[in-house]
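Below is one structure, written out as structure tokens, with a few remarks after it.
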Number of protein chains: 2
Amino acid sequence: MDARSDDEIRADLSYLFDKASQALAARMGTVLGELGMTVRDYCVLAKAGAHELTQGELAEMALLDKTTMVVTCDHLEKAGLAQRTPSPADRRVRIVRTTEAGDEAVAKARDVIDDLYGEVLGVLTPEQRTVLLDALMKLVTHGGPLSAVEPNPHAPRRKRGA
Amino acid sequence: MDARSDDEIRADLSYLFDKASQALAARMGTVLGELGMTVRDYCVLAKAGAHELTQGELAEMALLDKTTMVVTCDHLEKAGLAQRTPSPADRRVRIVRTTEAGDEAVAKARDVIDDLYGEVLGVLTPEQRTVLLDALMKLVTHGGPLSAVEPNPHAPRRKRGA
DNA sequence: TATTGTTATACTCTATAACTATA
DNA sequence: TATAGTTATAGAGTATAACAATA
């Protein structure tokens, strides 16, 4: 939803970010799809492997709604990549653990993503790579002009104070 | 849907692009919302002003589906920013023209977007700005590794050959 | 009473399909 | 028959609301 005519593209930051984001997400979706995963599956699975995290903790880390997390976990379990087990300490919460297949899948996913990133960044000079990543970090991290996800007051879909 | 743990962020291109894209889109949505426009409205309106374009031509330029274009035009007309008039040459097609209010709105929108871009890019050094934009262009434009929107074969929602 | 996870559901967005009118 | 625009609708994604079990 954001294309400008060619003569406008040159200066259009929004177009450049959108295109880069969408195209890279599409390519990640393709290579991860070949491993039976979505990008979101991978984000959750990669975090779940390392620590003993509950669904809620994982949801917070991945910036997912808890109901979206349920769907994601359902999918990961059905695919045999993760398992939910009730915590003995608090029987309300469920720990998400990767299976062996899940760990292998994460490892493979890391490889294909590394390859992809290498291919993408490979068209840049080393100096361009460094400056690009530094600049993006500066914009995006805490305090930068693209850090706070200030909610658009005119946006739809917000029923209560939440 | 794409947050990594902090120690992973450093190298995560996908996270950086997504965050930058989403945050900038949110900020554009906010400032354009104050003018009664969505980002998509602006994209269409800015193109409609210049030339005598039909809905279909505008849809193609803005990479919108023609049915989405109908909704957008409905909104622009209701807001008094654009008007559709049947072409005398071909009575099937409708020319989309900006109203005076629409031209003013585009001008104001250009201003607030310029201000916003200035604020965002202002945190970078001139050299960083140049390299960032050059590098993004290199990735995104024709032939770059993020140019083709290769459809993900595992993605949902595709019924026929179209 | 508060909290974790689940289910049900509603809302938005976008795109396909079918339709009207012109060509 | 093909094309521009419209309408209707279905699909996917996500978030709110209500609920069950547990604390």
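Order of the sequence lines fixes the chain letters, A, B, ..., with proteins taken first and strands second; residue numbering starts at 1 for each chain.
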- Query: Given atom NZ of Lys66(B) and atom C1' of dA8(D), what is their separation to the nearest angstrom?
  - Reply: 14 Å
- Side chains of Asp90(B) and Ser87(B), donor plus acceptor under 3.5 Å: no
- Query: Salt bridge check: are Asp115(B) and Arg110(B) linked by an N-O gap of less than 4.0 Å?
  - Reply: no
- For Asp65(B) and dA10(D), what is the distance between atoms CG and P respectively, to the nearest whole Å? 17 Å
- Query: To the nearest Å, how far apart are Met69(A) CE and dG5(C) P?
  - Reply: 9 Å
- Task: Please state how far atom CG in Leu64(B) lies from atom P in dA15(C), giving the value in whole angstrom units.
- Result: 8 Å
- Message: Check this for me: does any side-chain nitrogen of one of Lys19(B) and Asp12(B) sit under 4.0 Å from a carboxylate oxygen of the other?
- Response: no
- Counterpart residues, side chain to side chain donor-acceptor pair (under 3.5 Å), relative to Arg97(B) (two or more places apart): Glu52(B), Thr85(B)
- Task: Using a cut-off of strictly less than 4.0 Å between a heavy atom of the residue and any atom of DNA chain D, enumerate the qualifying residues of residues 82-95 of chain A by number.
- Result: Asp90(A), Arg91(A), Arg92(A)
- Query: To the nearest angstrom, how far is Glu77(A) atom CD from dT6(C) atom C1'?
  - Reply: 13 Å
- Closest to the side chain of Thr67(A), out of dG5(C), dG5(D), dT16(D), is dT16(D)
- Query: Just how far, in rounded Å, is P of dA21(C) from CD of Gln55(B)?
  - Reply: 17 Å
- Rounded to whole Å, the CD-P distance (Glu60(A) to dT3(C)) equals 14 Å
- Query: In terms of side-chain geometry, is the basic nitrogen of Arg27(A) or Glu119(A) positioned less than 4.0 Å from the acidic oxygen of its partner?
  - Reply: yes
- Message: Can you see if the side chain of Thr68(B) gets near the phosphate of dA15(C) - specifically, an N or O under 4.0 Å from OP1 or OP2?
- Response: yes
- Task: Starting at atom CD of Glu57(A), determine the distance to atom P of dT3(C), rounded to an integer number of angstrom.
- Result: 15 Å
- Message: Under a 3.5 Å distance rule, please check whether Glu60(A) uses its side chain to pair with a backbone N or O of Glu57(A) as donor and acceptor.
- Response: no
